**Student:** 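Below is the structure I would like to discuss, written out as structure tokens.
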2 protein chains.
Amino acid sequence: MTFTLDDLAGSGPLPEQDARTRVLETAYRLFYRHGLRATGIDRIIAESGVAKMSFYRHFPSKQALIDAYFDLRHARWMAWLEGRLGGSSSPRDGLAALPDALDDWFRSPGFRGCAFINGHAEAGSDAPAMTVTHKRALAARIEQQCEDAGLACPGDVAADLLLAIEGAIVRAQMDGADAARGPLHRLFARTLSDAGGERA
Amino acid sequence: MTFTLDDLAGSGPLPEQDARTRVLETAYRLFYRHGLRATGIDRIIAESGVAKMSFYRHFPSKQALIDAYFDLRHARWMAWLEGRLGGSSSPRDGLAALPDALDDWFRSPGFRGCAFINGHAEAGSDAPAMTVTHKRALAARIEQQCEDAGLACPGDVAADLLLAIEGAIVRAQMDGADAARGPLHRLFARTLSDAGGERA
DNA sequence: ATGTTGACAGACAGACCTGTCTTGTTCAAG
DNA sequence: CTTGAACAAGACAGGTCTGTCTGTCAACAT
């Protein structure tokens, strides 16, 4: 099962899906677009065409829905990353392809940064653990890719690439995809070059 | 006039200050710590020891207070940066000193990321223009420093450094200062090395 | 036929939020 | 002394938010 950029944006639920799926897909779209606090339960219920009691049958509280939202977002984002990392012929090419993959994401309609960064920024220390868990899973995945590529110091290289990725997401969110594209490509090229691969 | 990390954290108002200052300093501390939406007017009024009408005399709405908060934050943060950039003997050393300066900030008590990134993440397209203006001012200031240092392609170098700074802020906010320190120093060293300076 | 289950619709309570208004106090300038 | 500005304390209105509750209906199994 693969996921596309459309899945990351959230296209909204189809009427024939069951109530729980409709609620979760609506929350997925609204939480990402407008934020957690700015999205009320009433709006999610109205836009998903569900009764309030049906909502509370599937999700005991708004916090439970937020947790489910982050779980779903994490699964789809990691699956999208996996498709982009694995689409190249070698592990190192998979890493080198990341800046273009991210650039596609930054330019996709409805892009509004990283859901986990935004959620953490909004909720602070009260943020669900998944906001941090997601980033650690991403770090682990990139480090694995660096090991597979046979790079020197895969832990350091992965940390450098992750920091560049986070910076690019924030720059693209606040100042547009063009503000992130050049720097992200250059930082990736320098880091991979230092780690033993040839320069792009 | 210089500003320290304590000013960035916000120590809270002193009773002998006038009402407007007390409100603004309280908002400065609460908005940064808990976020914009999570901080209600009533709490700001209670903690600043001010009457509600006194608040609305100085700030016609909560949005006006938020704008004033971002203005103050911008002024203090840029003044803090100026002190750190100018503390070195040469423009290039000022740039090279930035990772340590940021590391100090990341480890200061109450650090919770960049107020402008957090505000933009929370409010989205409705965010005050200052959230973006601040980042562009920062980019311009770094580019100026790169020019003063006589680096090649100062625009590109500044964009690379800014992306690394944003990434470091997010990494430190979500996973602690240690997660940002190594990568930030390495990305700075590589970028400055490529731009013509000698490697640290 | 009858009971069960899931869902839709909407009223309701209690809390919170922003913003307005009233009342009384302090203090300084005229 | 009087007047007016700034301020403190708090009631109030109108809205929104989460979460609970009551009814009604359709599908379906026994």
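When reading the values below, keep in mind they use all heavy atoms of this one structure, side chains included, and skip hydrogens, waters and symmetry mates. In what follows, chains are A, B, ... by sequence order, proteins preceding strands, each numbered from 1. None of the values given here were measured: they were computed from a predicted structure.
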**Student:** May I ask you to test the A:H120-B:R112 pair for a side-chain heavy-atom distance under 4.5 Å?
**Tutor:** no

**Student:** Checking only heavy atoms, does the side chain of B:K62 share a donor-acceptor pair with the base of C:dG19 at less than 3.5 Å?
**Tutor:** no

**Student:** Could you point out which residue of B:I165, B:I169, B:V170 forms a side chain to side chain contact (heavy atoms under 4.5 Å, CB included) with A:V170?
**Tutor:** B:V170

**Student:** Verify, without hydrogens or angle tests, whether B:T39 (side chain) and B:L36 (backbone) share a donor-acceptor contact under 3.5 angstrom.
**Tutor:**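 It does not hold such a pair.
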
**Student:** Taking atom types as they are modelled, is there a donor-acceptor pair under 3.5 Å from the base of C:dG19 to the side chain of B:K52?
**Tutor:** yes

**Student:** Going by atom types alone, do B:D148 and B:Q144 pair a side-chain donor with an acceptor below 3.5 Å?
**Tutor:** yes

**Student:** Tell me whether A:R73 forms a cation-pi arrangement with A:F116, defined as NZ or CZ under 6.0 Å from the six-membered ring centre and within 45 degrees of its axis.
**Tutor:**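 A:R73 over A:F116 ring: no.
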
**Student:** Within less than 4.0 Å of OP1 or OP2 of C:dC8, is there a side-chain N or O belonging to A:S54?
**Tutor:**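 Yes, because at least one side-chain N or O of A:S54 sits under 4.0 Å from OP1 or OP2 of C:dC8.
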
**Student:** Taking atom P of D:dT18 as reference, at what distance in whole Å does atom CZ of A:F59 sit?
**Tutor:**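 Rounded to the whole Å, the gap is 15 Å.
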
**Student:** Would you kindly give the CZ-to-P distance between A:R20 and C:dT5, to the nearest whole Å?
**Tutor:** 20 Å

**Student:** Any side-chain donor paired with an acceptor under 3.5 Å for A:H185 and A:D100?
**Tutor:**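 The answer is yes; a qualifying pair exists.
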
**Student:** Take the protein atom OH of B:Y56 and the nucleotide atom C1' of D:dA9, then report the distance between them rounded to whole Å.
**Tutor:** 16 Å

**Student:** Given atom CE of B:M53 and atom C1' of D:dA5, what is their separation to the nearest angstrom?
**Tutor:**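 Taking atom C1' of D:dA5 as the reference, CE of B:M53 is at 13 Å.
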
**Student:** With a 3.5 Å cut-off and no angle check, do the side chains of A:T21 and A:D18 form a donor-acceptor pair?
**Tutor:** yes

**Student:** Expressed as a whole number of angstroms, how long is the span from B:D18:CG to C:dC27:P?
**Tutor:** 16 Å

**Student:** Could you tell me whether the phosphate oxygens of D:dT20, OP1 or OP2, come under 4.0 Å of any side-chain nitrogen or oxygen in A:R57?
**Tutor:** no

**Student:** Near DNA chain C, counting only heavy atoms under 4.0 Å, which residues of residues 33-45 of chain A show up?
**Tutor:** none

**Student:** So does A:H58 get a side-chain nitrogen or oxygen closer than 4.0 Å to the phosphate oxygens (OP1/OP2) of C:dA7?
**Tutor:** yes

**Student:** Calculate the interatomic distance between A:F55 atom CZ and D:dG19 atom C1'; express it in whole Å.
**Tutor:** 10 Å

